[in-house]
Amino acid sequence: MNDFLIFHWLKEVNHWGKTPEGGISRLAFSQEDKGARKYVIDLMEEYGMEVRIDEAANIIGKYAGTEPDLPAVVIGSHLDSVPSGGKYDGVLGVLSGLEVVRHLAQNNIRGRHSLEVIVFSNEEGCRYPYTLFGSSVMMGDFHKPWEEIKNMQDEQGIKLVQEIKELGGKPEKLFLARRNPEQIKAFLELHIEQGLVLEDKGVSIGIVEGISAPIRFVLKLMGSADHAGATPMVLRRDPLMGASEIMLALERIVKETSVTAVGTVGQINVSPGAVNIIPGTVTLSFDIRDIDLAARNQIVRNLEKVIREVCQTRDLKYDFQEIFNISPVMLDTQMISLIEQVCQEMEIPAIKMISGAAHDAMVMANHVPTGMIFVPSVAGISHNPSEYTRNEDIMKGVEVLGQTVLRLIK
Ligand code: GLV
Ligand code: MN
Ligand code: MN
């Protein structure tokens, strides 16, 4: 595979959602996402794939094997991005799958097993909070009640069900998207590392052994919106001051509990939000992750205790709502060995590592043998317009993916 179209495709697809800062805002099911999806569907068809959209609006492109009844080998990732994200997160995994298919098609190579490339819908969960939506629906791990799904809307009031329908999905029949794991021989995802480990070690390939997992919740703190001049300090019920204590406690608890844990408050909404009003309500988002589930649970328990104490001391009311919760996973040891063997044969240095970020692979790994290939993120930067991965590293990643696929489809 010594010619690559992936760089051209990356440029083209990233016209969708390009921001003035050079980053990408391609929120799930937005106009930008729709444009990128269309671009990828056209490419799939150009290289002889049979394309279908499932009930969750996942795009499934199939490059048929010579024995179509055998379980498929699947490559998958996502096209949606975070607000003001980068040009590689997710999209690289989709396009590297297409690069492998293009190589097979142009060289007239067909394995016994079919090869599928899947674009999972709404991986990021930024516009609608159902993170890892497409893969979870596909593997039967999405259990939100219909009452909630049907009313789910974004900040502009646009309904999730309307967007899914517009893309050819059937939100009222999500259960039909469920795949039998026996129909999938293996799942592979190539992704940027989004951290500093590969850069630090100076190697181009990471073989993921396990994926750390987030729990996310929204905390609403309610006090009393009063006059900023007329209300003495001792008489205030200020939820933003309470939030500050809670956030600093989060940082302390995470650091004390586990070296692999991380905790983030990424969103704060202060209401009414004026210079001369003490806030009446503050809403905070929490994202807490670890590869060690027991430690992560401990952090959440300790944090809840702090929230109760702070609210009691400051006479605040609170509402604590879990919005996402997935357990860490270890990936399949045979897939890890296979990728390792491919790297050795190709004389490409590789290291085994843990993923701090979440991926569709973590859903798939609970059901089918799953492997993940990482390529370096320069300076470890991701979810940021400066996200960058060198072309030579991408080429190595695609080669490793391609060679792994060749061994699996034959
Ligand atoms: C996905 O990018 C996540 O790890 O939040
Ligand atoms: Mn991401
Ligand atoms: Mn991603």
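This one's a predicted model, so the numbers in the text were calculated from it and none came from an experiment. Start at 1 and go down the list; that is how both ligands and their atoms are numbered. No hydrogens, no waters, no symmetry mates; every other heavy atom, side chains included, goes into these values.
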Has [X] got more than 12 heavy atoms of other residues, nucleotides or ligands less than 6.0 Å from its [atom1]?
X    : atom1 : result
K185 : NZ    : yes
E304 : CD    : yes
M139 : CE    : yes
E45  : CD    : yes

Looking at F286, is R216 sitting on its ring face, NZ or CZ under 6.0 Å from the six-membered ring centre and within 45 degrees of the normal?
no

Test of proximity, [X] against ligand 1: N or O pairs below 3.5 Å:
X    : value
D89  : no
A357 : no
R216 : yes

Does ligand 1 have an atom that lies less than 4.0 angstrom from a heavy atom of H359?
no

Nearest atoms (heavy-atom pairs only) where L27 meets D80:
C-CB, 4.3 Å

Smallest separation among heavy atoms of N58 and S121, with atom names
OD1-N, 2.9 Å

Within the 4.5 Å heavy-atom criterion, are V137 and Y130 side-chain neighbours or not?
no

Among protein heavy atoms, which sits nearest to atom 5 (O) of ligand 1, and what does the distance come to when rounded to 0.1 Å?
R289 NH2, 2.7 Å

What's the shortest distance from atom 1 (C) of ligand 1 to any protein heavy atom, and which residue and atom give it?
E124 OE1, 3.3 Å

In terms of side-chain geometry, is the basic nitrogen of E163 or K159 positioned less than 4.0 Å from the acidic oxygen of its partner?
no

Under 2.8 Å from the Mn ion (ligand 3), which protein atoms of type N, O or S occur, listed by chain and number?
H78 NE2, D89 OD1, H191 NE2

